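Written out below as structure tokens is the structure these notes cover.
A, B, ... follow the sequence lines: proteins, then strands. Residue 1 opens every chain. Since this is a predicted model, take the numbers as computed values, not measurements.
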Protein chains: 2
Amino acid sequence: MKTKFERILRSLNLKSTPKRIAMLEVLDDEQVYLSPEDIWLRLKKRFRTLGLPTVYRNLEGLFEGGVISRVIHPDRKLYYYLCRNEEHHHHFICMSCRRVEDVRFCAERELQEAVRSGIRGKVLSHILQINGLCHACLKKEGTVHVS
Amino acid sequence: MKTKFERILRSLNLKSTPKRIAMLEVLDDEQVYLSPEDIWLRLKKRFRTLGLPTVYRNLEGLFEGGVISRVIHPDRKLYYYLCRNEEHHHHFICMSCRRVEDVRFCAERELQEAVRSGIRGKVLSHILQINGLCHACLKKEGTVHVS
DNA sequence: TTTCAAATGAAAATTGTTTCTATTTATCTC
DNA sequence: GAGATAAATAGAAACAATTTTCATTTGAAA
Ligand SMILES: [Zn+2]
Ligand SMILES: [Zn+2]
Ligand SMILES: [Zn+2]
Ligand SMILES: [Zn+2]
């Protein structure tokens, strides 16, 4: 009986090592985006000898495999988020608490059209991210740390 | 008689130094995004003692003043672009030649609505960027270097 | 021209991220 | 279950883009 994460790793031809699984668990447990160091800090108690390079490598592998997504951040550091939603969609990022929520809306069609007709180019990818304050953070104003 | 760039700098309470003006000229001449080092390389012939930190500092100041915009790049380095279009809009980035073109379309209203009703949060900003191949690069296929 | 905050150059520091290499481990096969 | 093998990993070191520091210069206002 394989766990969900073991199956995911297998399907990507990645070995299901305890550390990879633990990383996915950490990401899955929190609905916020995390930096490699965040994940490393959360796991180094459990794995005495977990190296930061391992965390970086695994996150990048999982990102390339499409299991996790990156967050665009003003500080230009790496942040990752594990989203359970399989469909194409985009993300709302809370600038205060790092919570990530799905935004169903995507103007892909209109963008394609604007590029084809106006620019006469070809769309390869698009980035859409909304930065703001989530419902919870809106309520506890004053505690807000917008970086 | 002040030049356009002198007026812009003045309005931002930035001194109009020869180097700042030259940086704006470089950005204005090319309709592509440039890195701090790109700009430094283009100017260090003219200014024997131009330092890279000065370029970084000035670009950041111009960005904060809203004169130039940043480009989101897979390599996560800094790239800037001087856009003449004053209205709110977004950018199409050619992955091959760095050309930047304006995309009129913006789904701001729909995004606002999705966040207000579904997420019940507050939108502070949004990022929309389309990556692709421009018309010129589409024609000369084979020369394409998608990084 | 005098004044002074802002801008700058040069060197050094910072720091997030990546590379390198020897060792360990997951998984495949028998 | 016991090798065989390529993938994964730790630890140290390297890297490289960006930022800081500080002494000096310069733009612009009076
Ligand atoms: Zn929040
Ligand atoms: Zn999502
Ligand atoms: Zn192009
Ligand atoms: Zn534009």
Is a salt bridge present between A/Glu60 and A/Arg57, judged by a nitrogen-to-oxygen distance below 4.0 Å?
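A salt bridge is absent here (no side-chain N lies under 4.0 Å from a carboxylate O).
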
To the nearest Å, give me how far apart [atom1] ([X]) and [atom2] ([N]) are.
| X | N | atom1 | atom2 | result |
| --- | --- | --- | --- | --- |
| B/Phe47 | C/dT8 | CZ | P | 10 Å |
| B/Lys44 | C/dG9 | NZ | C1' | 14 Å |
| B/Phe5 | D/dG27 | CZ | P | 19 Å |
| A/Leu59 | C/dT18 | CG | P | 11 Å |
| A/Leu12 | C/dA26 | CG | C1' | 16 Å |
| A/Leu24 | D/dA8 | CG | P | 13 Å |
| A/Trp40 | C/dT15 | CH2 | C1' | 14 Å |
| B/Ile21 | D/dT26 | CD1 | P | 15 Å |

Grab the two heavy atoms, one from [X] and one from [Y], that are nearest each other, plus how far apart they are.
| X | Y | value |
| --- | --- | --- |
| A/Leu24 | A/Leu62 | CD2-CD1, 3.8 Å |
| B/Arg84 | B/Asp28 | NH2-O, 3.0 Å |
| B/Leu59 | B/Ile68 | O-CD1, 3.5 Å |

Give a yes/no on whether any side-chain N or O of B/Thr49 is located under 4.0 angstrom from OP1 or OP2 of C/dG9.
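Yes.
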
B/Asn13 vs C/dA6: side-chain N/O to OP1/OP2 distance below 4.0 Å:
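False: B/Asn13 side-chain N/O out of range (4.0 Å or more) of C/dA6 OP1/OP2.
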
For A/Arg48 and for A/Arg20, locate the closest nucleotide of DNA chain D by heavy-atom distance; then report the residue assigned to the nucleotide nearer the 5' terminus.
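It is A/Arg20, whose closest nucleotide lies nearer the 5' terminus.
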
Regarding A/Arg70 and the six-membered ring of A/Tyr80, is the cationic atom NZ or CZ under 6.0 Å from the ring centre and inside 45° of its axis?
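Ring-cation test returns no.
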
Quick one: are B/Val55 and B/Leu50 in side-chain contact, heavy atoms under 4.5 Å?
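SC-SC contact between B/Val55 and B/Leu50 confirmed.
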
Answer whether the closest heavy-atom distance between the side chains of B/Arg46 and B/Leu43 falls below 4.5 Å.
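In contact.
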
Within the 4.0 Å limit for protein heavy atoms, which parts of nucleotides 12-22 of chain D are touched? Write it as a string from 5' to 3', B for base, S for sugar-phosphate only, - for none.
B----SSBBB-

Which residue pairs pass the side-chain hydrogen bond (donor to acceptor under 3.5 Å, both in side chains) test with at least one member in residues 30-39 of chain B, sequence neighbours excluded?
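Applying side-chain hydrogen bond (donor to acceptor under 3.5 Å, both in side chains) to every pair that reaches into residues 30-39 of chain B, excluding sequence neighbours, yields B/Glu30-B/Arg42, B/Gln31-B/Tyr81, B/Tyr33-B/His73, B/Ser35-B/Asp38, B/Asp38-B/Arg98.
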
List every contact pair, protein side and nucleotides 27-30 of chain C side both N or O, where the distance is under 3.5 Å.
unit_1	atom_1	unit_2	atom_2	d
C/dT27	OP1	A/Ser16	N	3.1
C/dT27	OP1	A/Ser16	OG	2.9
C/dC28	OP1	A/Arg10	NH2	3.4

State whether a side-chain donor-acceptor pair under 3.5 Å links A/His126 with B/His90.
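There is no such pair between these side chains.
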
